[in-house]
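Chain A is the first sequence line, chain B the second, and so forth, proteins listed ahead of strands; every chain is numbered from 1. Every heavy atom of this structure was used, including side-chain atoms; hydrogens, water molecules and symmetry mates were not.
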There are 2 protein chains.
Amino acid sequence: MKSGPTYARVAALIGDPARANMLSALMSGLALTARELAQEAGVQPSTASGHLKALTTAHLIECEKQGRYRYYRIANQETATAIESLQVLSQHNGLLRVRPGPKDPALRKARVCYDHLAGEMGVRLYESMAARDFFKVAADGISLTDVGEKFVYDFGVDVQQCNASRRPMCLACLDWSVRRHHLAGALGAAMLTAAFDQGWLMRGSGSRLVRFTAAGEAAFRKAFPIVS
Amino acid sequence: MKSGPTYARVAALIGDPARANMLSALMSGLALTARELAQEAGVQPSTASGHLKALTTAHLIECEKQGRYRYYRIANQETATAIESLQVLSQHNGLLRVRPGPKDPALRKARVCYDHLAGEMGVRLYESMAARDFFKVAADGISLTDVGEKFVYDFGVDVQQCNASRRPMCLACLDWSVRRHHLAGALGAAMLTAAFDQGWLMRGSGSRLVRFTAAGEAAFRKAFPIVS
DNA sequence: GTAATAATTCGGTCAGGAACGAACAATGAA
DNA sequence: TTCATTGTTCGTTCCTGACCGAATTATTAC
């Protein structure tokens, strides 16, 4: 019985540290370029290319060409579920390291996912805007409606500049801490910048952590009410 | 970033073909000896010993000493869940091999899990007996009550001989096809043998498949009614 | 007591695959 | 056009870890 079960190959793919680092980065829901993933894994681009090819042929990730960039992302929900269950398993079995106590709820509440807002507040922003029909859902993604465009303009976002960037305008990014979506893409980044400019929040001690000021949180909740 | 995320180590452990073969065998819910697992993996006992040590220290499996045997089993539900999700992922992505069409439902209905009955009929047997208080649940496992002992005696099982064997008498074995329990252990094996002796069922074409005769299925359903 | 079996530890061999650098192809910017 | 940047392929090096066999320990059978 030389060859193992079919799932052994998949587990071996996830089991390599470099590839696992790439997958972890992609678990943010963002699509990243090959170079960014090489950086994330701490290997040379040539090495990363081989890993990305292996992951792609196994259908764990998929690739989208945009100009000279290649954006990679998690291919399907099954892959995300498998990685999540492995995370759960390693945290459960690794009795060594405990989750940070007071830091964790703060991170769950609000953090930066690369350059946009994630956590509960990020989910609130997305769902509040979605409930008010600021987004238009198309086959290739989501985009702003007219009223949505007016809203983000009033919020302090230069819509023209967002459109000009090569980056996808709007992205619905799955939030793995709360299992719901938040807003990513150029618009997500621009809105976070606008919120910073208005003094609503500041970067916290950790690299990903952001903290709302008291007045900023009140203003945020008013600007993004929960609409049923 | 040389070292990967914590779950990479777990995935790598599962990713080795020999270890994956062992885990697959243990996913039956049975506790197996080191030698049986070496056989299952197709490696020498010395090699298997190293694998088992690695899996044990990672808390993926756990070991119980009984005389000169060491019984290994899946350590916890998190491990089983992770392996299951990897199975799902590999089946979903491996577009190559399709599940056998007509064979599958028959296997779901009734099959042999090593030496006892599994599948829907196995679950029915266990749940029917449990509903009639034939089992007594203790901290270290389940055992027969007095009425249960009388029942299996009438069924044609030599209870004395079952007790004499070193093997655990009763085991509740999780059935991965229906996510419910069926009866394993010495009693499970003896009851399957008794059912064979009564001519209720026969071994099917596949090694694990068993088929009920029409009369046998009727008698089985009468002997193990669904009690609410 | 001796023999037999289960399981582990240790030392040595060897292949798979992860890493890098160099060269090349593709695309966008000057 | 020329240059810069992204990403891939190829050839090479090298190290981890999977495997086996022999020896050792522990337990049961005779």
Side-chain angles (χ1 to χ4, degrees), chain A residues 1-5 8-23 25-26 30-58 60-73 164-167, chain B residues 1-5 8-23 25-26 30-58 60-73 164-167:
Chain A
M1 196 176 296
K2 199 191 292 183
S3 71
R9 175 173 286 293
V10 183
L13 280 173
I14 303 177
D16 177 76
R19 285 191 293 262
N21 276 325
M22 294 177 176
L23 290 171
L26 292 174
L30 290 175
L32 300 175
T33 68
R35 224 168 183 78
E36 288 171 319
L37 289 169
Q39 171 84 6
E40 203 69 37
V43 295
Q44 295 300 319
S46 61
T47 304
S49 180
H51 288 313
L52 291 171
K53 186 178 182 181
L55 291 172
T56 304
T57 56
L60 295 185
I61 63 176
E62 56 189 16
C63 178
E64 188 178 346
K65 253 180 99 169
Q66 277 188 23
R68 60 180 165 183
Y69 295 89
R70 297 204 181 174
Y71 286 94
Y72 291 91
R73 69 174 64 120
S165 86
R166 241 192 325 275
R167 222 175 134 183
Chain B
M1 195 175 298
K2 199 192 288 182
S3 73
R9 177 173 285 291
V10 183
L13 280 172
I14 303 177
D16 177 76
R19 285 191 292 262
N21 276 326
M22 295 177 175
L23 290 171
L26 292 174
L30 290 175
L32 300 175
T33 69
R35 230 175 178 72
E36 288 171 320
L37 289 169
Q39 172 85 5
E40 203 69 37
V43 295
Q44 294 302 317
S46 60
T47 304
S49 180
H51 288 313
L52 292 171
K53 186 177 183 181
L55 290 172
T56 305
T57 55
L60 294 184
I61 63 176
E62 57 189 15
C63 179
E64 187 178 348
K65 251 180 103 170
Q66 276 189 23
R68 60 179 166 185
Y69 294 89
R70 298 203 181 174
Y71 286 93
Y72 291 91
R73 69 173 66 115
S165 87
R166 239 193 328 275
R167 224 175 132 183

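Distances shorter than 4.0 Å separate none of the side-chain N or O atoms of K65(B) from OP1 or OP2 on dA26(D). Proximity of S46(A) to the phosphate of dC20(C): no side-chain N or O atom is located under 4.0 Å from OP1 or OP2. For dT8(D), the OP1/OP2 oxygens have a side-chain nitrogen or oxygen of R70(A) closer than 4.0 Å. Contact check, S49(B) against dT8(C): a side-chain N or O comes under 4.0 Å of OP1 or OP2.
Here the P atom of nucleotide dA19(C) and the CZ atom of R19(A) are 8 Å apart, to the nearest Å. Atom CZ of R9(B) and atom C1' of dG17(D) are 12 Å apart (whole Å). Rounded to whole Å, the distance from OH on Y71(A) to P on dT27(C) is 15 Å. In this entry the distance linking CD of E64(A) with C1' of dG7(D) reads 16 Å, nearest Å.
Of all nucleotides listed (dC20(C), dT27(C), dA18(D)), dC20(C) comes nearest to the side chain of V43(A). Nearest nucleotide to the P45(B) side chain, out of dT27(D), dT8(C), dC20(C): dT8(C). The R35(A) side chain lies nearest to dT6(D) when the options are dA6(C), dT6(D), dA19(C).
At least one donor-acceptor pair under 3.5 Å links the side chain of T57(B) to the backbone N or O of K53(B).
A side chain to side chain contact (heavy atoms under 4.5 Å, CB included) with Y72(A) is found for one member of L32(A), L55(A), L52(A) and no other, namely L52(A).
A donor atom on one side chain and an acceptor atom on the other are found under 3.5 Å apart for E36(B) and T33(B).
Using a 4.0 Å cut-off on heavy atoms, the residues of residues 51-58 of chain A that approach DNA chain D are K53(A), listed by number.
Nearest heavy atoms, N21(B) versus A41(B): CB-CA, 3.8 Å.
Looking at which nucleotide of DNA chain C each of Q44(A) and R68(A) is closest to, the 5′-most match is held by Q44(A).
Between E64(A) and R70(A) there is no salt bridge, since no side-chain N of the basic residue sits under 4.0 Å from a carboxylate O of the acidic one.
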